[in-house]
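Notes follow once the structure below has been shown.
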Amino acid sequence: MDIRVRFAPSPTGHVHIGNIRTAIFNWLFARHGGGKFLLRVEDTDKERSTQAAIDTLLECMDWLGLDYDEEIFHQSRNASAHVKAAEKMLSNGQAYRPKVSGPEPAPVIFRIPWDTDNNPSVRITGDAEIRIDPAMPVKISKSGIQFSALNEKGKSAERSASLAGYHRLKIFDASGTLVFEIEREIENILKNDAAIELANCAKFAFQRREVVFKDIIKGELAKPLDTMKDLVIVRGDGTPVFHLANVCDDIEQKITHVIRGDDHVENTYRHIFLFQAAGFPVPQYGHLPMIVNQAGKPYSKRDGDAYVGDFRSKGYLPEALFNYLSLLGWSPGDDREKMSREELVEAFTLERVKSSSAQFDMNKLGNMSGQYMAEMDPGIFTEKTWRVAETQGWTSGTDRVYFAKVAKLMQSRMKLFPQVSTWKYFFFDEFENDEKARIKLLADRKSMDAIKYVFENLSSCAEFTLDSIQKYIREAESLNGIQEGKLNQPLRIALTGQTTGAGIYETAEMLGREKTLKRLKNFSP
RNA sequence: GUCCCCAUCGUCUAGAGGCCUAGGACACCAGGUUUUCAUCCUGGCGACACCGGUUCGAAUCCGGUUGGGGACGCCA
């Protein structure tokens, strides 16, 4: 069977880094297996879903090169199918409407199936007993069972669960007398609205069963049925709930593998029953671990930099973000880290995804961005940095050839595009000064005299070249008793206002005689 | 509170019983190259959460403890 996966975000504005990582893993999985990567927008929340939000989503995906197959699937357009599915479950007895007291119409509730004898996803784990708080009555109705259990310390805690969890339930009072047997009553309970209320119960004895599935990433995952509750699938107002919509759409889109965040694990246990009730095969599941922030905590609204759009505006390269994100929770198994898209597709398998959460590391992303930056085609690099310069308003009087030379000089020193703003001294005489460094490096008389020497000789020399620049700097150093090379940094401060940059001889040559002299003049006593 | 999941350097990870005195990358520190800056190169720092068990042998398997996270909606 051909692989079909989907990325199913709800378009509510920003696209989160964790979300897009899920998309990347789905994409990688699909491309690796030669399958289809589908996009579904879960836009049933009318309040929050906007076209603008969908546009941002599409932009982010496009930016990262996450191309999808087939048409975008809009969940809201499939609503009638969802309701139809619910009605079918209602008429089959797989779902029910509870008795409601108020004037609001009753929702449709899906029942965790009572009969699971031939269900491959359910297994019997053994006999179980629970101590019950006799002070609280046990209530049993078609919508479940409600009671107060006593924990090891004898503390009472209220619980409610689906009937399905309590196969062969026998309830005893404090004296050990059997007061209730579920198998005798179950037919009636399921059919009628009447509730049974039992007082002074002390013990439950029942057969415990659990839903189980094999997660491609996490391995076997199971949950006891007695800890599950029936779930609302259609609201009182007639609109379908996420669980129903999600499952119906997966059926509709013929999804074979559901790859999503592991905050959905608990939902999966219920979705399995929904697939079965609808009469369709349960897809394979793979639950991705979370990405946490640099404090090791889940991302919250406060983490302003957790949105894909932010990384884009901060100037990270999409290739770098894509590469970095694919390495968060996954590795190829060898020492490779910087990998092309093709290599990633080739190497990606869900089995190699880790099952523990991963912390986002800006340092590493920055380093990776620098690597991609360094190997970028110089022409493209110039083009992109030119555009940044444009936003700074530098380009009107700037020669493109000159700019290209500057870009070439600076490329290996760049991590992010906005760093272009530090290049200002190449184009204007007004630029930012690192005052602290200026005071430290240009304070002493020796340096000033040396700079004066360089200034005078560079103004009178025949040719302003790399060689002559270097020559006079060396001479200035030896004449003023400065260690060789030690004049470079003061000179850099004088010419650029910064302590880092390209080679200082190259920088001076690039600036040209006029600008160089003009800047040195300020420091010549 | 109940249920589920997770646990290797500060961080991302390799590791499927002996190849492990635990490998790589980022970060950090030191040295080298560049007479300067950035790259780059070399080296250093640095981890199997804890306690038991299984085994000739455990980071790896099992149990418990601790710590972390998730889920418990007529949100998605």
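These numbers come from a predicted model, not from an experiment. Below, chains carry the letters A, B, ... as their sequence lines are ordered, and counting in each starts from 1.
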[atom1] atom, [N] versus [M]: distance in rounded Å?
N: B:rC29; M: B:rA38; atom1: P; answer: 12 Å
N: B:rG70; M: B:rG53; atom1: P; answer: 35 Å
N: B:rC9; M: B:rA76; atom1: C1'; answer: 38 Å
N: B:rU65; M: B:rC28; atom1: C1'; answer: 34 Å
N: B:rC61; M: B:rU54; atom1: C1'; answer: 8 Å
N: B:rA7; M: B:rC12; atom1: C1'; answer: 15 Å
N: B:rU8; M: B:rC4; atom1: C1'; answer: 24 Å
N: B:rU11; M: B:rG68; atom1: P; answer: 15 Å

Sugar-phosphate, base or nothing in reach of [X], heavy atoms under 4.0 Å:
X: A:G329; answer: sugar-phosphate
X: A:A374; answer: nothing
X: A:K218; answer: sugar-phosphate
X: A:R352; answer: sugar-phosphate
X: A:Y324; answer: nothing
X: A:I233; answer: nothing

Using atom [atom1] of [X] as one end and atom [atom2] of [N] as the other, report the distance to the nearest whole Å.
X: A:N293; N: B:rG10; atom1: CG; atom2: P; value: 18 Å
X: A:Q359; N: B:rA47; atom1: CD; atom2: P; value: 18 Å
X: A:L288; N: B:rC5; atom1: CG; atom2: P; value: 18 Å
X: A:F147; N: B:rU2; atom1: CZ; atom2: P; value: 13 Å
X: A:L231; N: B:rC75; atom1: CG; atom2: P; value: 13 Å
X: A:D133; N: B:rU2; atom1: CG; atom2: P; value: 15 Å
X: A:H271; N: B:rA76; atom1: NE2; atom2: P; value: 11 Å
X: A:I109; N: B:rG73; atom1: CD1; atom2: P; value: 12 Å

Subject >> Shortest non-hydrogen contact from A:F464 toward A:E509 >> reply: CE2-CA, 3.9 Å
Is [X] reaching over with its side chain to a backbone N or O of [Y], donor-acceptor style, under 3.5 angstrom?
X: A:E477; Y: A:K486; answer: yes
X: A:K142; Y: A:R97; answer: yes
X: A:Q419; Y: A:L416; answer: yes

Subject >> Which residue lies more 5' along RNA chain B, comparing A:G236 with A:S331 via nearest heavy atoms >> reply: A:S331
**OP:** Go along nucleotides 61-72 of chain B 5' to 3' and tag each nucleotide: B for a protein heavy atom under 4.0 Å from its base, S when only backbone or sugar atoms are that close, - otherwise.
**Re:** -------SSBS-
Subject >> Letter per nucleotide, 5' to 3', of nucleotides 24-46 of chain B [B base touched, S only sugar-phosphate touched, - untouched; heavy atoms, 4.0 Å] >> reply: BBBS-------BBBB--------
Original post:
Of all the nucleotides listed (B:rC5, B:rC74, B:rA76), which has the minimum atom distance to the side chain of A:L221?
Top reply: B:rC5
If you take the centroid of each ring, where Trp contributes its six-membered ring, are [Y] and [X] closer together than 6.0 Å?
X: A:F273; Y: A:H243; result: no
X: A:F360; Y: A:F311; result: yes
X: A:F348; Y: A:F25; result: yes
X: A:F147; Y: A:F204; result: yes

Just name whichever nucleotide pairs with [N], Watson-Crick or G-U, keeping both distances under 3.5 Å, else none.
N: B:rG10; answer: B:rC26
N: B:rG17; answer: none
N: B:rA76; answer: none
N: B:rA49; answer: B:rU65
N: B:rU33; answer: none

So [Y] and [X], do their side chains get closer than 4.5 Å, heavy atoms only?
X: A:I72; Y: A:L58; answer: yes
X: A:K515; Y: A:L495; answer: no
X: A:L487; Y: A:V454; answer: yes

Subject >> Any A:R97 side-chain nitrogen or oxygen under 4.0 Å from OP1 or OP2 of B:rC74 >> reply: no
**OP:** Would you mind checking if A:D249 and A:R40 are paired as a salt bridge, meaning a charged N to carboxylate O distance below 4.0 Å?
**Re:** yes
